[in-house]
Peer 1: 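Right, I'll just put the structure down here and ask away after.
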There are 2 protein chains.
Amino acid sequence: MSDPPTMQTESFAVFPNPPPTELARFLDIGGYKWTAADQAGEILDRSGDADRVGEQRSTWAGSLVVVDDRAEDAWRFCRELRKRDVPVEPTLILVSGSRLDDLVTRDDLFDDFIIMPFLPQELEARLQHLQWRAGRGVRPELIVYGPLSLNVETYQAMLEDRPLDLTYMEYELLRFLAASPGQVFTREVLLNRVWGYEYYGGARTVDVHIRRLRAKMGEEHSSLISTVRGVGYKLGQSRWQNG
Amino acid sequence: MSDPPTMQTESFAVFPNPPPTELARFLDIGGYKWTAADQAGEILDRSGDADRVGEQRSTWAGSLVVVDDRAEDAWRFCRELRKRDVPVEPTLILVSGSRLDDLVTRDDLFDDFIIMPFLPQELEARLQHLQWRAGRGVRPELIVYGPLSLNVETYQAMLEDRPLDLTYMEYELLRFLAASPGQVFTREVLLNRVWGYEYYGGARTVDVHIRRLRAKMGEEHSSLISTVRGVGYKLGQSRWQNG
DNA sequence: GGCCGGATTCACATGCCGTTAACACGCGGC
DNA sequence: GCCGCGTGTTAACGGCATGTGAATCCGGCC
């Protein structure tokens with residue numbers, strides 16, 4: 001039936017190794033997984049061979065190829081990737097303005113390109129659009145804390161790979177807490193930020209919703225939300241406290 | 001009127017009218033044929049009707065849409081073009097850096113984009129690459145999700161190999177949902193994206209169309225569209241593993 | 001140990017919100 | 001013009017999420 005939300009073990013293949021710092025920074029900050037290589041072989045070896053033991057078999061979200069100094073190597077890299085049946089697509093080319101002419105007659109080797117130096121927002125948008133074209137949709141926006149993960153787009157919550165079905169208010173409250181794990185929020189703050197600034201209700205309302213959340217989380221995880229007596233609630237324990 | 005019979009008079013549809021001078025200059029210098037318009041209707045009228053006398057029937061190489069001041073109009077332009085059976089594709093968006101955010105969640109409306117102000121060489125390369133892609137027919141015309149499949153070109157919907165006959169609005173709504181399976185859309189978003197930004201109507205309208213869709217899908221498949229209480233609707237199950 | 005403030009738990013009333021049916025309007029065809 | 005159809009609106013219904021009050025429990029403090 002409907003496939004589970006693809007747990008992103010998918011990573012991007014990046015040429016060259018090491019990639020330009022601005023690219024590495026972008027990928028790391030954006031939370032993308034990536035693997036750099038100088039030879040297409042290194043990538044392809046890691047793809048197939050499920051029988052290879054002890055090593056994680058990777059699937060690929062696409063490839064990012066920098067065409068600059070080592071232009072010939074870069075294009076060879078692309079050509080290699082396209083040859084194999086293991087799709088490491090889509091391919092996005094990062095090209096310096098002076099090498100724009102390299103693109104002509106090579107349309108078959110890439111799916112999109114971007115000029116360096118690039119705006120992070122532009123690269124973000126291009127990657128997203130490529131993913132969309134590939135039928136993968138936008139990569140899910142997830143809030144993860146320990147065993148808990150919230151998919152903001154589908155309004156789904158998972159606890160240790162089991163779905164948690166929450167009501168609207170429960171979800172909103174949990175999402176707010178999970179957005180700042182470890183931070184304590186007073187009931188008043190929670191009422192303002194989750195229920196809305198114009199909301200005037202008793203402070204007990206928060207208590208009850210916390211209670212319902214804990215109940216749905218089950219006994220073993222109910223302590224994920226901890227009470228700070230006299231103050232309010234927070235998600236998770238502070239590390240320095242008692243331990 | 002005296003073009004050689006083999007000569008296609010393909011030109012680019014351009015929004016808005018008049019386009020920014022830098023774009024007009026680029027097109028003229030590059031020897032591209034183009035026609036600017038403010039309404040998609042002007043473009044579409046010029047497409048069909050071969051019997052229309054004294055007026056040149058045009059075929060289109062693609063469309064160039066500037067998203068800047070009149071962003072809403074621009075997106076409506078794109079949407080109109082995508083709806084019709086007359087393909088005015090591929091679509092390239094020219095967007096100012098400050099409006100890059102407009103691109104997210106609109107992946108279905110364009111094939112590529114470029115940031116203004118642009119390098120002529122970059123636009124040249126993008127147009128060429130788009131043409132190359134178009135020749136290969138890369139654009140997917142089938143949307144498939146589980147037992148449901150939509151043929152975007154023929155406006156036909158199938159459910160478990162049985163044809164579903166849907167009205168126009170029903171089809172548009174279902175297509176929009178199916179384009180991002182699992183993602184929840186509020187009624188407001190659906191009204192904006194499916195009915196159009198200029199549409200102001202009651203939110204109940206969405207409910208009723210969802211109801212009609214579910215009815216036509218039959219009892220066994222009506223759960224394909226799931227309700228997220230307090231939020232909106234989405235395509236796909238609320239829980240993906242047995243439950 | 002007793003007192004007290006605060007947190008937890010339970011039960012219940014309320015009203016929001018999704019569902020559904022029925023109707024009104026506009027448009028195109030016969 | 002009439003009729004059928006696609007579409008949007010309105011209203012009634014009903015379920016369930018939500019909020020509230022009260023009882024109970026717990027932890028800290030004198």
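Reminder, nothing fancy here: chain letters follow the sequence lines and each chain counts from 1. All heavy atoms count here, side chains included; hydrogens, waters and symmetry mates do not. Treat the numbers as computed from the prediction; the structure is a model and nothing was measured.
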Peer 1: For the pair made of CZ in B:Arg204 and C1' in C:dA24, what is the distance, rounded to whole Å?
Peer 2: 18 Å
Peer 1: Base, sugar-phosphate or nothing for B:Tyr233? Non-hydrogen atoms, less than 4.0 Å.
Peer 2: sugar-phosphate
Peer 1: If you measure from the Lys or Arg side-chain nitrogens to the Asp or Glu carboxylate oxygens, is any gap between B:Lys216 and B:Asp165 under 4.0 Å?
Peer 2: no
Peer 1: Earliest and latest nucleotide of DNA chain D, 5' to 3', sitting under 4.0 Å from a non-hydrogen atom of chain B?
Peer 2: D:dG6 to D:dA17
Peer 1: For C:dT19 and B:Arg214 - does any side-chain N or O of the residue sit under 4.0 Å from the phosphate oxygens OP1/OP2?
Peer 2: yes
Peer 1: Nearest nucleotide by nearest heavy atom, which residue falls closer to the 5' end of DNA chain D, B:Asp165 or B:Thr205?
Peer 2: B:Asp165
Peer 1: Starting from P on C:dC10, measure out to CD1 on A:Ile210 and report it in whole angstrom.
Peer 2: 16 Å
Peer 1: Give the ring-plane orientation class for A:Phe12 versus A:Tyr32, where under 30° counts as parallel, over 60° as perpendicular and anything between as tilted.
Peer 2: perpendicular
Peer 1: For the residue pair B:Asp108 and A:Trp132, confirm or rule out a side-chain donor-acceptor distance under 3.5 Å.
Peer 2: no
Peer 1: Nearest nucleotide by nearest heavy atom, which residue falls closer to the 5' end of DNA chain D, B:Gly202 or A:Arg229?
Peer 2: B:Gly202
Peer 1: Salt bridge or not for A:Arg25 and A:Asp28, using N-O below 4.0 Å?
Peer 2: no
Peer 1: More than 12 heavy atoms of other residues, nucleotides or ligands under 6.0 Å from CD of B:Glu22: yes or no?
Peer 2: yes
Peer 1: Between the side chains of B:Ser222 and B:Arg211, is a donor N or O closer than 3.5 angstrom to an acceptor N or O?
Peer 2: no
Peer 1: In whole angstrom, what separates A:Ile225's CD1 from C:dT9's P?
Peer 2: 12 Å
Peer 1: Between A:Tyr155 and A:Tyr171, how do the two ring planes meet: parallel, tilted or perpendicular, split at 30° and 60°?
Peer 2: tilted
Peer 1: Expressed as a whole number of angstroms, how long is the span from A:Met169:CE to C:dC16:P?
Peer 2: 13 Å
Peer 1: Whole-Å distance between C:dG6 C1' and A:Arg211 CZ?
Peer 2: 17 Å
Peer 1: Counting only side-chain nitrogens and oxygens, does A:Arg187 get under 4.0 Å of the OP1 or OP2 atom of C:dA7?
Peer 2: yes
Peer 1: Taking only the side-chain heavy atoms of A:Asp207 (C-beta and beyond), determine which of C:dG5, C:dA7, C:dC16 contains the nearest atom.
Peer 2: C:dA7
Peer 1: In whole Å, what is the span from the CZ atom of B:Arg212 to the P atom of C:dC23?
Peer 2: 14 Å
